Colleague: 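Structure in structure tokens, see below.
We use all heavy atoms of the structure for the numbers below, so side chains are in, but hydrogens, waters and symmetry mates are not. Here the structure is a predicted model, which is why all the values come from computation and not from measurement.
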Amino acid sequence: MKKIYALLTALLLTIAATAQTLNVKVGNVTYQFPASQTGDMTYTDGTTLTIMGKAFTLSDISAMTVDNTEVTDGAIGVTYNGSTATVTVAGNIAQYVTPTVSGAHVSIAQSSDLAEEITYTLSGTSSDGEFYTSGSYKATIELNGLTLTNTTPVYSGAAVHMQNGKRIKVKIVSGTTNTLSDASSGSQKGCLYIKGHAEFAQKGTLNVVGNVKHGIKTGEYMTLKNATINVTSAVGDGISCNQFFLMESGEINISGTGDDGIQCDLDGDTSTGETTDHEDEDTGNVYLEGGTINVSVTADAAKCIKSEGDMRISGTTIVATTSGGGVWDSDKVKTKAASCLSADGNMIISGGTLTLTSTGAGGKGINVDGSFTATGGTTTVSTSGNAVVASSSGSLSVVTSSNQLDQYDSDYKSSPKGIKVDGAIIISDDAVINVTTTGAGGEGIESKTYINITGGQTTIVAADDAINASYNDDTKSLSNAGDFTISGGYLYAHSTGNDGIDANGNCYIKGGVVYAIGSGSPEVAIDANSEEQKKLYITGGTIIAVGGLESGASISGGTCKYTSSWTASSWYALYNSSDLALAFKTPTSSSSGGGGGGFGPGGGGPGGNQDGSSQQLVVYTSSTPSLKSGVTVSGGTEYFDGMANIGGTVSGGSSVSLSTYSGGNSGPGGH
């Protein structure tokens, strides 16, 4: 014992004299004490050595060495090497942590006395390892070239599990690629689980596989800057968080999930001690401000991005694809389907580029329980699935004909829709929205409250109503339930199987450029709910309506005329008095059966014949409209997928004979 004491004394004197670092190794853990910090070191009862408050039992020490290692305060490093892992601990925090290493499974428990942030740096490779921490203080974890698979969990089934219920910075070190895979057994919430709130940063890459539930799970909010996150498969969600999700930059790629791509919940999980009382205004919200997101989900009724609160998009490039079908929700007694973007609250799009594709039965591009507001960005939606319906027992089937849907209650069917909103829809400013639907029952844009368009460019080609303002049991008592108002912007609404523009309340056109195409009798280009004594009011704007107007339309502030003969894919020039308003092409000819019922002088009857003999192409401008056919168009800007040109010049062509619309004798349009 005297010899040990003499050796210790000599060693400590050497450290003090040369300002080096004392390394105390206990198993696979090395504690590093800089000479400038050690101060007095006590040796008690011949068994215990205490350095900077950390007490060591001499029999546990496997080595003590002195070298020139530089020590960073508050740092813990974990290096994985096959079936083993080594841990280094900075001396200033040594007394506050208890590392445990079993093979390549590492657990670090923080003392409640810890009062400073620890940075954990993980590197190396193991095919059977994990990292687990517990404590009550915020921390940082750096992933610095880590490949870690948890095969036989010792502390947790997750590959990385941060039990600290505080802010955790996750630094994915720039230039590195990191890969995590959790154990296929266990009850872990995610491959990478953080009980508190997680802030992902730096420009490295993180690949994640979730074999039990989610890829990444956080108990509170999650933010992302710069880093790239790839979730290549997950039994549950790719990314699941509570409180809010914020992406400022970086890249997210998610595929192979059994549920949603990204989901933000209102509440945490009491079984894991997550926060459940979120009263902050951000609760359940998703904020997408920059970066790139690519999500593809295949599960039935899955969502690419889902918020239980609001969703606000201001700058992100999003490519989202769903291919799953519908499910029967026995708790809510309704049929549910997949959607690319889904918000239980409101959705606001002010920027970004969104490409949303849904191919499964009943699928939707955007599904919003609250209101939908678009002021900027470019949103392109395509759905190609048919409708899905449920029997009284909840068994599902796919309907391939829109006519079959009328026999099903609304809760027992889910039709494909480009944008489906329970609240109001407001489109203004610089918003660009392009929607295409082809499946049975496929509406382009639908609101169950009202629609107000004051600007932007909206293009819709749909199998059912192109754009529809309707109402439900919750909104039908509103004074403006089902109303549709257009006072600015550009709207192209083309239905191949129903109305172009359909208002189940009043329809008001006060300004803007409106190009509407109905499918044929009894459907019309622009419809209002005359069965409920509602009307179409036209007081301004520039209007082209292929297929007629709802009967009893009130027209003022300009002049409305029509022709019963037109040719598909030929340029027409519409003039407001002597000024060119725009040039346009029609997708069908008057003799092809496209277009709605007759009206005006000689109209009347049930809405015209499908052979086109009573179809009308209606034009309206603030002055006296005139029309030329067969013109040549040059310059300008083509809108509506090349169906209209504004600001160009025209030449040639011949004048079209127009009749004056007298107020409407058309048959009833569809609702």
Colleague: Does Lys306 pair with Asp344 as a salt bridge, N-O distance under 4.0 Å?
Modeller: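 Yes, this pair counts.
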Colleague: Under 3.5 Å, is there a donor-acceptor pair linking the side chains of Asn207 and Thr177?
Modeller: no
Colleague: Under 3.5 Å, is there a donor-acceptor pair linking the side chains of Thr69 and Asp67?
Modeller: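 Note: Thr69 and Asp67 side chains meet the donor-acceptor criterion.
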Colleague: Given Ile172 and Asn226, is the side chain to side chain contact (heavy atoms under 4.5 Å, CB included) satisfied, shown in steps?
Modeller: CA-CA 9 Å; Ile172 306 172; Asn226 298 321; over 6 Å; no
Colleague: Is a donor from one side chain sitting under 3.5 angstrom from an acceptor on the other, for Asn164 and Gln110?
Modeller: yes
Colleague: Atom NZ in Lys213, atom CD in Gln188: separation rounded to 0.5 Å?
Modeller: 10.5 Å
Colleague: Taking the basic N atoms (NZ, or NE/NH1/NH2) and the acidic carboxylate oxygens, is any pair closer than 4.0 Å for Lys166 and Glu117?
Modeller: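 No.
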Colleague: Which distance, rounded to the nearest 0.5 Å, do you find between the CD1 of Ile108 and the CD1 of Ile93?
Modeller: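 One gets 8.5 Å once the value is rounded to the nearest 0.5 Å.
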Colleague: With side chain to side chain contact (heavy atoms under 4.5 Å, CB included) as the test, would you mind laying out the steps for Thr133 and Ile141 before giving the verdict?
Modeller: CA-CA 10 Å; Thr133 68; Ile141 181 170; over 6 Å; no
Colleague: If you measure from NZ on Lys169 to OG1 on Thr140, what distance do you get to the nearest 0.5 Å?
Modeller: 5.5 Å
Colleague: Go through the side-chain N and O atoms of Glu248 and Tyr287 and say whether any donor and acceptor fall under 3.5 Å apart.
Modeller: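 Result is no, nothing qualifies.
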Colleague: Please tell me if the side chains of Gln263 and Lys303 come closer than 4.5 Å, counting only heavy atoms from C-beta onward.
Modeller: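 Counting from C-beta outward, Gln263 and Lys303 never come under 4.5 Å.
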Colleague: Could you pull out all donor-acceptor pairs under 3.5 Å where a side-chain atom in residues 290-301 meets a protein atom, sequence neighbours excluded?
Modeller:
from   : atom 1 : to     : atom 2 : distance (Å)
Asn294 : ND2    : Asn253 : OD1    : 3.0
Asp300 : OD1    : Gly325 : N      : 2.8

Colleague: Where do Asn285 and Ser307 land on the side chain to side chain contact (heavy atoms under 4.5 Å, CB included) test, with the steps shown first?
Modeller: CA-CA 6 Å; Asn285 291 356; Ser307 67; over 6 Å; no
Colleague: Can you confirm whether the side chains of Asn367 and Ser342 place a donor and an acceptor under 3.5 Å from each other?
Modeller: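 No, no side-chain donor-acceptor contact under 3.5 Å.
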Colleague: Could you give the distance from CD1 (Ile51) to CD (Gln32), rounded to the nearest 0.5 Å?
Modeller: 12.5 Å
Colleague: Determine, stepwise, if the pair Asn144 / Lys171 fulfils side chain to side chain contact (heavy atoms under 4.5 Å, CB included).
Modeller: CA-CA 8 Å; Asn144 188 15; Lys171 294 184 176 180; over 6 Å; no
Colleague: For His161, which residues count as a ring pair (Phe, Tyr, Trp, His ring centres under 6.0 Å) partner, sequence neighbours excluded?
Modeller: Tyr132, Tyr193
Colleague: Are Tyr31 and Phe56 close enough that their ring centers fall under 6.0 Å?
Modeller: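 Close enough - the centres of the two rings lie under 6.0 Å apart.
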Colleague: Closer than 3.5 angstrom, by distance alone: can the side chain of Thr119 be matched with the main-chain N or O of Gly74 as a donor-acceptor pair?
Modeller: no
Colleague: Which residue in the set Thr179, Leu148, Thr147 passes side chain to side chain contact (heavy atoms under 4.5 Å, CB included) when paired with Thr125?
Modeller: Thr147
Colleague: Should Tyr155 and Ser102 count as side-chain neighbours, where that means a heavy-atom distance under 4.5 Å?
Modeller: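 Tyr155 vs Ser102: side chains touch.
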Colleague: What's the spacing between Lys195 NZ and Asn242 CG if we round to 0.5 Å?
Modeller: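 Between Lys195 NZ and Asn242 CG, I get 12.5 Å after rounding to 0.5 Å.
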Colleague: Check Glu289, Lys225, Lys203 against Ser249 for a side chain to side chain contact (heavy atoms under 4.5 Å, CB included) and give me the one that passes.
Modeller: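 Among the candidates, only Lys225 passes.
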Colleague: Find out whether Thr57 and Val26 are in side-chain contact, i.e. whether some heavy atom of one side chain is under 4.5 Å from a heavy atom of the other.
Modeller: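 They are not in contact (no side-chain heavy atoms under 4.5 Å apart), so the answer is no.
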Colleague: Quick check for you: to the nearest 0.5 Å, what is the distance between Thr223 atom OG1 and His197 atom NE2?
Modeller: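 One finds 9.5 Å between OG1 of Thr223 and NE2 of His197.
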Colleague: So do Val160 and Tyr120 actually touch side chain to side chain, heavy atoms under 4.5 Å?
Modeller: no
Colleague: Taking the side chain as every heavy atom from C-beta outward, state whether Leu341 and Ile313 have any pair of such atoms under 4.5 Å apart.
Modeller: yes
Colleague: Can a donor-acceptor pair be found, under 3.5 Å and without considering hydrogens, that links the side chain of Thr149 to the backbone of Thr151?
Modeller: no
Colleague: Establish, from distance only, whether the side-chain atoms of Glu142 and Thr121 form a donor-acceptor pair under 3.5 Å.
Modeller: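 Per modelled atom types, Glu142 and Thr121 side chains form a pair under 3.5 Å.
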Colleague: Scan side-chain atoms only and decide if Asp128 and Thr152 contain a donor-acceptor pair under the 3.5 Å cut-off.
Modeller: yes
Colleague: Are the side chains of Thr205 and Asn230 in touch, meaning some heavy atoms are under 4.5 Å apart?
Modeller: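 Of all side-chain heavy-atom pairs linking Asn230 with Thr205, at least one is under 4.5 Å.
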